[in-house]
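Structure first, then comments.
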2 protein chains.
Amino acid sequence: MRSAEFNREAVLRAAMNAFMEKGFNKTSMQDLKQATGLHPGSIYCAFENKKGLLLAALEQYNLDRNTELQAIFSNEKDAKSGLSAYLGNIVAECVSGDPTQSCLSQKAINEIAQTDEQAQAVLSQQCVMWQSVMREVFVQAGEEGDLSGARLPEQRAQSLIVGIYGLRTFSQAQKDPDVISAIAEQLLIDVCR
Amino acid sequence: MRSAEFNREAVLRAAMNAFMEKGFNKTSMQDLKQATGLHPGSIYCAFENKKGLLLAALEQYNLDRNTELQAIFSNEKDAKSGLSAYLGNIVAECVSGDPTQSCLSQKAINEIAQTDEQAQAVLSQQCVMWQSVMREVFVQAGEEGDLSGARLPEQRAQSLIVGIYGLRTFSQAQKDPDVISAIAEQLLIDVCR
DNA sequence: ATAGCTCTTGAATGATCATTCAAATAAGGC
DNA sequence: GCCTTATTTGAATGATCATTCAAGAGCTAT
């Protein structure tokens with residue numbers, strides 16, 4: 001036996017960044033070798049192939065984003081404030097122009113979900129989990145009296161996620177921070193109405 | 001002199017479909033040769049290179065989508081009905097699962113706007129034009145008394161476009177037609193409130 | 001009809017791609 | 001401390017990539 005020398009999380013985060021900067025198809029194994037510090041053979045030994053590395057990176061990305069989400073919400077006094085802080089965070093990422101602050105899941109959905117069944121399955125499941133996390137946030141917001149209308153928490157969660165996907169796409173075509181920020185504020189109003 | 005033998009619009013629509021099915025980077029010149037019926041040399045003679053073909057295809061795509069949009073709205077009795085029909089059309093495209101019914105502009109924004117300045121400029125301008133078209137729709141809807149709140153037509157247009165981008169991304173991860181349809185209906189309510 | 005130009009053809013080019021492999025290296029079980 | 005087994009290394013592989021180019025073909029103007 002022999003254990004791997006590299007730090008798996010660090011390698012996956014490096015791969016994440018590489019994929020976010022160039023997209024999956026434009027990121028070459030040479031790029032990944034440089035980003036991760038791993039030789040081609042090691043990458044194939046540990047992750048099967050390039051797509052395997054992407055799938056592993058997506059898994060790590062989801063874990064990282066989830067802990068980040070928990071941190072943001074636990075710093076706020078209630079669910080509504082949490083939502084506001086969460087959206088504020090996303091707006092900041094959109095406006096930063098930094099490719100490594102974009103959403104790897106969303107990039108993968110747009111680039112490869114359509115043509116790769118395995119990636120489609122992983123991304124679909126991750127999206128469903130994201131929905132269920134956000135649904136609980138809206139359940140709590142309802143209990144705290146911050147939702148006026150009668151929409152189901154599930155539907156609010158779906159509208160929020162659609163809004164976030166849309167915001168990220170829109171912000172690549174229209175970079176004005178004030179515009180992005182205003183759309184996000186309206187989104188918060190609409191999903192809490 | 002000698003005029004080109006191929007039908008430019010037909011070639012661009014064939015290229016559009018190829019790019020929508022595989023994305024820009026995964027579509028090889030061989031794919032484009034097969035899709036368009038043009039030999040590599042002819043493509044380079046007419047469009048400079050692969051990216052030039054994409055930019056030309058994006059231009060044609062925008063023209064085609066615009067005439068389609070005009071047709072949808074002119075078939076309806078007022079702006080609000082037009083919006084409803086327009087969104088219904090988009091929902092049908094999302095649910096179809098047909099790659100050639102996806103949005104080439106959105107795919108390009110997500111795949112190459114980040115890394116290619118020229119594409120970014122074209123896509124940004126097209127997005128702004130889309131906004132201004134939709135703004136006029138909301139101006140009309142306001143005059144017809146179908147908007148209750150006080151939001152500016154510009155902001156409504158931006159929220160609508162964000163919602164459409166989001167819907168298209170979301171629908172690749174969550175394919176349930178009822179869910180997509182419900183989100184779209186809520187979107188219409190929110191932007192007309 | 002012919003000259004002159006442009007488009008078409010499709011093989012050739014060199015670069016780059018993902019992947020493989022055999023040798024070298026190192027860790028754990030006994 | 002050796003033996004087994006796994007990982008690391010990095011050059012090699014063959015495929016595929018975008019692009020070029022020289023030769024052939026056809027339109028147009030004269």
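Here is how names work: the chains are called A, B, and so on, in the same order as the sequence lines, proteins then strands, and each is numbered from 1.
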Quiz item: Going by distance alone, is a donor N or O of one side chain under 3.5 Å from an acceptor N or O of the other, for A/Lys51 and A/Gln118?
Solution: yes
Quiz item: If we ignore angles and hydrogens, is there a donor and acceptor under 3.5 Å between the side chains of A/Asp64 and A/Gln60?
Solution: yes
Report the distance from atom [atom1] of [X] to atom [atom2] of [N], rounded to the nearest whole Å.
| X | N | atom1 | atom2 | answer |
| --- | --- | --- | --- | --- |
| A/Lys51 | C/dA18 | NZ | C1' | 14 Å |
| A/Leu54 | C/dA18 | CG | P | 13 Å |
| A/Ile43 | D/dT8 | CD1 | P | 11 Å |
| B/Phe6 | D/dG26 | CZ | P | 17 Å |
| A/Phe47 | D/dT8 | CZ | C1' | 14 Å |
| A/Lys50 | C/dT19 | NZ | P | 8 Å |

Quiz item: When you measure from the centre of the six-membered ring of B/Phe24, is the NZ or CZ of B/Lys107 under 6.0 Å away and within 45° of the axis?
Solution: no
Quiz prompt | End-to-end axis angle, where each axis spans five pairs of the helix from C/dA1-D/dT30 to C/dC30-D/dG1, to 10° | solution = 20°
N/O donor to acceptor pairs below 3.5 angstrom from side-chain atoms of residues 138-147 of chain A, sequence neighbours left out:
from	atom 1	to	atom 2	distance (Å)
A/Gln140	NE2	A/Glu144	OE2	2.9
A/Glu144	OE1	A/Ala79	N	3.1

Strictly under 3.5 Å: I want the nitrogen or oxygen pairs between protein and nucleotides 20-22 of chain D, one per line.
none

Sequence neighbours left out, cut at 3.5 Å: what donor-acceptor pairs do the side chains of residues 186-193 of chain B make with other protein atoms?
from	atom 1	to	atom 2	distance (Å)
B/Gln186	OE1	A/Arg151	NE	3.3
B/Gln186	NE2	B/Asp190	OD1	3.1
B/Asp190	OD1	B/Arg193	NH2	3.1

Quiz item: Do A/Leu69 and A/Leu63 share a hydrophobic cluster (ILVMFWY, side-chain heavy atoms under 4.5 Å, transitive)?
Solution: no
Quiz item: Do B/Val122 and B/Met129 belong together in a cluster built from hydrophobic side chains that touch within less than 4.5 Å?
Solution: no
Quiz item: Near DNA chain C, which residues from residues 8-35 of chain B have a heavy atom under 4.0 Å away?
Solution: none
Quiz item: Aromatic ring centroids of B/Tyr165 and A/Tyr165 under 6.0 Å?
Solution: no
Quiz item: Does a side-chain N or O from B/His39 land closer than 4.0 Å to OP1 or OP2 of C/dT8, or not?
Solution: no
Practice problem: With sequence neighbours left out, write down each residue that passes salt bridge (Lys or Arg N to Asp or Glu O under 4.0 Å) with B/Arg65, or none if nothing qualifies. | Solution: B/Glu68, B/Glu93
Quiz item: When you look at CD of A/Glu59, are more than 12 heavy atoms from neighbouring residues, nucleotides or ligands closer to it than 6.0 Å?
Solution: no
Quiz item: Around atom CD of B/Gln34, are there more than 12 heavy atoms of other residues, nucleotides or ligands at under 6.0 Å?
Solution: no
